[in-house]
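Working notes, beginning with the structure itself.
Within every chain, numbering begins at 1; the chains are lettered A, B, ... in the order of the sequence lines, protein sequences first and strands thereafter. Hydrogens, waters and symmetry mates are skipped; everything else that's a heavy atom, side chains included, is used.
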Protein chains: 2
Amino acid sequence: MESELKRGFLVRQRAFLKLYLLKMIEANKRYGTQFLDDLRTEFKPYGYHPTHSEIYKTLHELTREGWVRREKKLLGEPGVDFQEIIIYHLTDKGKQEYELYRKQMKVEFDRCLGLLNQAMSDHYGPIKRK
Amino acid sequence: MESELKRGFLVRQRAFLKLYLLKMIEANKRYGTQFLDDLRTEFKPYGYHPTHSEIYKTLHELTREGWVRREKKLLGEPGVDFQEIIIYHLTDKGKQEYELYRKQMKVEFDRCLGLLNQAMSDHYGPIKRK
DNA sequence: CAATGAACACTATGTTCATTC
DNA sequence: GAATGAACATAGTGTTCATTG
């Protein structure tokens with residue numbers, strides 16, 4: 001489960017999304033499409049529009065690794081609305097792994113910010129701050 | 001030449017390197033391997049170790065687009081050292097394009113910093129600053 | 001038709017092999 | 001052997017198609 005943390009240039013999208021999905025699942029957010037909509041809304045100001053397949057692939061990966069458990073439900077009123085959705089829950093393992101992963105990602109984000117700030121300084125002069 | 005600026009998640013390595021290479025070429029730095037060594041040294045603290053093929057591919061792209069001109073030279077003393085190197089120079093077009101590209105990349109870096117800072121805030125609380 | 005998932009295609013990037021003086 | 005370049009392989013991600021109730 002550490003392939004996404006492998007060093008290189010900047011953090012991979014998959015690792016970035018995994019952290020957000022874990023957070024949303026822990027917060028009892030609901031299902032895939034809702035995760036997607038929430039993320040698109042949040043990142044719209046930054047021109048980042050994740051795809052549905054990236055979200056699902058990440059959720060499947062979390063399931064395969066045993067960090068989350070899936071529960072099938074009906075979206076609306078039973079007998080009226082037959083749309084099935086999948087609710088995610090953190091497993092005990094998932095709770096532990098999330099805590100660790102969150103710490104690792106902090107290091108990774110700091111690294112990326114360092115790299116970008118270095119570039120800013122190299123190309124646009126030292127950072128001005130009052 | 002704008003494919004690397006296409007919106008998405010974070011800035012692509014190729015675009016990042018292109019900006020650095022233009023800067024180094026403008027500053028009369030020398031040849032490919034030296035660019036590579038300099039960049040590896042600079043980014044070592046950030047765990048980023050670019051590959052030689054990425055550098056050359058970027059240089060070839062700049063050449064193809066007419067932003068730079070190539071000049072073959074011998075590395076050491078003529079008659080003694082036969083190692084050939086390729087020195088790069090900005091063309092007139094390249095000078096103009098570099099200026100524009102640099103501005104575009106500023107916007108892109110700001111966007112990436114925004115995205116990462118948003119994530120930092122979401123996962124590790126608001127940024128503390130005196 | 002919405003939600004999910006799989007298949008497929010393409011781009012970005014890294015690793016290995018080749019060449020040349 | 002160092003510098004360059006090409007070929008090849010893989011990873012990352014997006015687009016399209018399929019399924020299900």
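Nearest heavy-atom pair across B:R70 and B:Y88 is NH1-OH, 3.2 Å. Closest approach of B:F9 and A:R12 over heavy atoms only: CE2-C, 3.7 Å.
Distance, B:H60 NE2 to D:dA6 C1': 9 Å, rounded to whole Å. A straight line from CD of A:E71 to P of C:dA3 spans 17 Å, rounded to a whole angstrom. Rounded to whole angstrom, the span from the CG atom of B:L10 across to the C1' atom of D:dG14 amounts to 16 Å. Here C:dT15 presents its P atom at 14 Å from CD1 of B:I55, a figure rounded to the nearest Å. Look at CZ on B:F9: it is 10 Å from P on D:dG14, rounded to the nearest Å. Taking atom NZ of residue A:K18 and atom C1' of nucleotide D:dG12, one finds them 14 Å apart after rounding to whole Å. Rounded to an integer number of Å, the gap from NE2 of B:H49 to P of C:dT15 is 9 Å. Atom CG of A:L17 is separated from atom P of D:dG12 by 13 Å (rounded to the nearest Å).
Distances shown here put a side-chain N or O of B:Y56 below 4.0 Å from the OP1 or OP2 atom of D:dT4. At D:dA3, none of the side-chain N or O atoms of B:Q34 fall inside 4.0 Å of OP1 or OP2 (strictly under the cut-off).
A salt bridge is absent between A:K73 and A:E84: the closest approach of a Lys/Arg side-chain nitrogen to an acidic carboxylate oxygen does not fall below 4.0 angstrom.
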Exercise for review: Quick one, give me the B/S/- string for nucleotides 15-21 of chain D, reading 5' to 3', where B means a protein heavy atom under 4.0 Å from the base and S means that only happens at the primed atoms, P, OP1 or OP2.
Suggested key: BB----S
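Less than 6.0 angstrom separates the ring centroid of A:F16 from the ring centroid of A:Y20.
A heavy-atom distance below 4.5 Å is found between the side chains of A:L21 and A:I55.
Under the side chain to side chain contact (heavy atoms under 4.5 Å, CB included) criterion, A:K103 pairs with A:E99, not counting sequence neighbours.
The cationic atom of B:K95 (NZ for Lys, CZ for Arg) does not lie both less than 6.0 Å from the six-membered ring centre of B:W67 and within 45° of the ring axis.
Residue B:R70 is classed as a sugar-phosphate contact, given heavy-atom separations below 4.0 Å to backbone atoms only.
Comparing D:dT13, C:dG5, C:dT4 by their nearest atom to the side chain of A:Y88 picks out C:dG5. Comparing C:dT4, D:dG5, C:dA12 by their closest approach to the side chain of B:R12 singles out C:dA12.
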